[in-house]
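Note that the structure is a prediction, hence the values are computed from the model and not measured.
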Amino acid sequence: MDLQELYQEIKAGKNMRQNLSAIRAALKEKEGGREKLEWLRDRFQEEPETLLPLLKSEDAKTRKNAALVLGSIGSDVCRDALLLAYQAETQRFVKSSYLIALQGSDCAKCADFFRERQTELIRTERTPETEKHIREELEAVNVLLSRLQPQGENRRFAGLDVPSDVILTAWKEHREVTARQIAKGSVSLLGSGIRVREADLRELLTIRTWRELLFCLNGEELNPEKIAAEQAEALLSSGLLELLERHLPEGTQKKTPWRFRIECRSRMMQEQKNLFTKRLADGLMQRSKGLLINDVSAYEVEIRLLEKKSGAFLPLVKFPSLPDHRFSYRKNSTAASMQPSLAALLAKLAEPYLKEEARVLDPFCGVGTLLLERNYLVHADTLYGVDLFAPAIAGARENAAIAGVPVHFVNRDMRDFRHEYRFDEIFTDMPSAGGKRTSHETDLLHRYLFERAEGLLKPGAMLFVYTHDRGFAKKRLRECANLRLEREWRISEKEDAWFLAVRMGAG
């Protein structure tokens with residue numbers, strides 16, 4: 001049946017639960033869903049008495065489906081009816097549906113009511129029978145309150161001058177590149193990166209070759225076999241609240257809860273992982289007596305759980321408001337763009353071969369990250385970036401302008417690029433196979449790169465190539481008499497990524 005037939009069936013009092021469910025499905029359809037919703041809104045304005053009474057149905061699942069349909073309509077009348085029905089609801093498994101339905105309405109005037117309900121739910125004792133439904137209701141309340149949170153009210157990171165125990169995540173094969181740049185604190189290499197005890201945060205924020213900075217806690221690793229309440233208690237006893245008080249202080253504001261999310265990096269199945277993190281988040285809210293509130297969209301702190309080989313979790317803390325301005329120039333990127341910290345690592349590996357005031361070309365420049373990071377490390381005289389993808393070139397121009405670095409960007413196929421003088425370096429990230437690009441096409445791009453390099457580089461110049469297709473690169477390199485491999489680095493065994501340093505001969 002189409003939407004109008006389903007509506008007429010409901011109007012006639014037939015198969016209420018099933019028809020409401022079918023209406024919900026119809027409104028979610030990609031094709032025509034918006035038009036169907038507009039039709040339903042028009043019907044509701046004309047005859048609200050068809051749907052509103054269903055919130056008082058004797059059948060709990062009918063009330064649940066009716067609430068979600070009315071939430072899609074999103075009028076003030078629906079909001080008021082949903083609020084009353086929520087307060088009157090006696091079945092726990094239905095209550096979260098009213099809150100989900102209200103997420104599309106203006107509930108600003110009800111913020112105090114929902115805060116009180118949030119506190120009540122946090123303090124409510126769980127039983128095996130009620131645990132799931134209380135957790136779901138609390139999650140829905142948290143989402144509502146998050147949407148009512150004024151923009152810019154998150155606390156800002158403090159304590160940059162406090163010596164800290166942190167882990168820097170980096171490329172496993174080249175952790176020592178980052179470690180050698182750290183002068184202060186006690187440094188040790190881990191499988192996941194570099195641990196720095198008594199770290200100088202200001203110093204670390206000048207080093208460009210790490211990906212993430214995570215704060216360590218003082219407690220033991222978490223055992224996923226234990227119940228959520230025990231895990232939450234272990235986290236709290238490891239100094240979590242003290243860390244938050246130090247780095248996310250209240251300042252002059254009134255005492256408010258810290259909003260957090262949990263990110264679990266694990267080999268668990270996704271469904272199992274979701275359940276674990278939801279239970280742990282619920283346990284943290286309960287055991288902290290509301291000082292911590294789970295908020296996956298407007299969070300101030302991320303609790304990162306890293307699964308170790310033993311199966312235990314190493315708990316770490318990430319602060320999104322940490323003032324990391326290392327790559328603030330990168331306003332634009334594309335799906336294929338290189339991570340700026342990886343670009344910085346490649347430049348650092350190539351540093352012994354880089355020339356001051358060089359003329360540098362990137363024939364597959366994308367948004368310009370690799371050129372800018374190379375120039376940051378060793379200043380170049382002239383930078384040229386070539387790319388066939390016009391949006392990437394537009395983004396690259398804006399990025400370079402923000403960085404204050406003059407770069408000549410050319411929207412052209414690198415095979416058609418010509419220049420009046422030769423370059424000292426080519427520094428590039430090769431397009432890889434996948435998506436619409438076949439392996440044969442990727443091989444040809446490697447061929448074009450090495451062939452063109454012989455005509456674009458000076459004698460003794462360097463060609464630096466980051467590639468996921470090392471076999472193609474080595475094959476095409478062998479075909480070019482004037483090019484020889486100076487050195488190569490494996491960047492990632494998992495991704496089979498390599499970085500090649502190639503020198504141009506005398507010709």
Side-chain angles (χ1 to χ4, degrees), residues 51-52 54-56 60 63-127 130-155 228 232 244 248 250 253-262 274 277-303:
L51 294 176
L52 288 178
L54 299 180
L55 293 175
K56 297 181 180 180
R63 297 196 300 272
K64 177 177 180 177
N65 284 329
L68 294 169
V69 169
L70 289 166
S72 299
I73 295 171
S75 70
D76 290 349
V77 173
C78 293
R79 175 199 61 200
D80 296 342
L82 287 165
L83 281 167
L84 289 172
Y86 170 65
Q87 294 175 72
E89 183 58 60
T90 58
Q91 295 293 325
R92 285 200 179 276
F93 81 92
V94 182
K95 292 180 81 70
S96 62
S97 298
Y98 296 107
L99 299 171
I100 293 169
L102 285 165
Q103 288 171 10
S105 302
D106 180 5
C107 295
K109 294 180 180 179
C110 308
D112 288 341
F113 165 75
F114 287 121
R115 289 191 188 98
E116 290 176 7
R117 184 59 181 158
Q118 183 185 63
T119 300
E120 186 180 336
L121 288 166
I122 288 171
R123 293 174 178 173
T124 301
E125 289 294 326
R126 273 60 162 167
T127 68
T130 64
E131 183 263 339
K132 176 184 177 182
H133 302 311
I134 294 174
R135 188 180 71 244
E136 289 175 346
E137 185 182 353
L138 180 54
E139 288 172 2
V141 169
N142 290 345
V143 171
L144 266 177
L145 288 172
S146 175
R147 296 188 178 189
L148 297 176
Q149 179 78 15
Q151 292 294 318
E153 282 205 358
N154 279 9
R155 299 171 182 85
L244 299 183
L248 293 180
E250 285 294 330
Q253 300 177 6
K254 64 180 181 179
K255 187 67 175 179
T256 55
W258 287 282
R259 297 188 301 279
F260 73 94
R261 73 182 290 266
I262 297 175
N274 291 343
T277 55
K278 286 180 179 180
R279 285 176 170 169
L280 179 57
D282 190 47
L284 282 171
M285 288 187 285
Q286 283 187 280
R287 292 304 175 108
S288 70
K289 302 186 186 306
L291 286 176
L292 294 170
I293 295 295
N294 188 217
D295 187 335
V296 297
S297 57
Y299 58 93
E300 300 170 294
V301 60
E302 177 185 301
I303 298 171

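The nearest pair of heavy atoms linking Glu300 to Trp258 is OE1-CA, 3.4 Å. When all heavy atoms of Phe260 and Ile303 are compared, the closest pair comes out as CD1-CD1, 4.0 Å. Counting all heavy atoms, side chain and backbone alike, Leu54 lies closest to Ala66 at CB-CB, 3.7 Å. When every heavy atom of Ser75 is checked against every heavy atom of Ser105, the shortest pair comes out as O-OG, 4.5 Å. Of all heavy-atom pairs between Ile100 and Ala140, the closest is CG1-CB, 4.3 Å.
When side chains are defined from C-beta on, Thr124 does not count as touching Thr130, because their heavy atoms never get closer than 4.5 Å. Looking only at side-chain heavy atoms (C-beta outward), Leu52 and Val77 come within less than 4.5 Å of each other.
Note: His133 NE2 to Thr127 OG1 = 9.5 Å, rounded to the nearest 0.5 Å. Atom CG of Leu145 is separated from atom CG of Asp112 by 9.5 Å, given to the nearest 0.5 angstrom. Here the CZ-CG distance, from Phe114 to Leu102, works out to 5.0 Å after rounding to the nearest 0.5 Å. Between the CD atom in Glu136 and the NZ atom in Lys278 there is a gap of 7.0 Å [rounded to 0.5 Å].
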Just list the side-chain donor-acceptor pairs under 3.5 Å for residues 79-89, sequence neighbours left out, or say none.
| unit_1 | atom_1 | unit_2 | atom_2 | d |
| --- | --- | --- | --- | --- |
| Arg79 | NH1 | Asp106 | O | 3.0 |
| Tyr86 | OH | Arg117 | NE | 3.1 |
| Tyr86 | OH | Glu137 | OE2 | 2.5 |
| Gln87 | NE2 | Leu83 | O | 3.2 |
| Glu89 | OE1 | Arg63 | NE | 2.9 |
| Glu89 | OE1 | Tyr98 | OH | 2.6 |
| Glu89 | OE2 | Arg63 | NH2 | 2.7 |
| Glu89 | OE2 | Gln91 | N | 3.0 |

Which pairs of donor and acceptor atoms, one on a side chain in residues 280-290, lie under 3.5 Å apart (sequence neighbours left out)?
| unit_1 | atom_1 | unit_2 | atom_2 | d |
| --- | --- | --- | --- | --- |
| Asp282 | OD1 | Arg126 | NH2 | 2.5 |
| Asp282 | OD2 | Arg126 | NE | 3.1 |
| Asp282 | OD2 | Arg126 | NH2 | 3.1 |
| Arg287 | NH1 | Glu233 | OE1 | 2.9 |
| Ser288 | OG | Leu284 | O | 2.7 |
| Ser288 | OG | Met285 | O | 3.4 |
| Ser288 | OG | Leu291 | N | 3.4 |
| Ser288 | OG | Leu292 | N | 3.1 |

Practice problem: Walk me through it: do Thr256 and Ile293 pass the test side-chain contact (heavy atoms from CB on, under 4.5 Å)? | Solution: CA-CA 10 Å; Thr256 55; Ile293 295 295; over 6 Å; no
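Residues satisfying the salt bridge (charged side-chain N to carboxylate O under 4.0 Å, His left out) criterion with Arg279, sequence neighbours excluded, are Glu131. In this structure, Gln103 has no side-chain hydrogen bond (donor to acceptor under 3.5 Å, both in side chains) partners at least two apart in sequence or on a different chain. Partners of Gln118 by side-chain hydrogen bond (donor to acceptor under 3.5 Å, both in side chains), not counting sequence neighbours, listed by chain and number: Asn142. Thr90 is linked by a side-chain hydrogen bond (donor to acceptor under 3.5 Å, both in side chains) to nothing, counting only residues two or more places apart in sequence or in another chain. For Thr119, the side chain to side chain contact (heavy atoms under 4.5 Å, CB included) partners two or more places apart in sequence, or in a different chain, are Arg123. Among residues two or more places apart in sequence or in another chain, the salt bridge (charged side-chain N to carboxylate O under 4.0 Å, His left out) test is passed with Glu139 by Arg135. Every residue two or more places apart in sequence or in another chain that forms a side-chain hydrogen bond (donor to acceptor under 3.5 Å, both in side chains) with Ser297 is listed here: Ser146, Asp295.
Residue-environment remark: NZ (Lys95) exceeds the threshold of 12 foreign heavy atoms within 6.0 Å.
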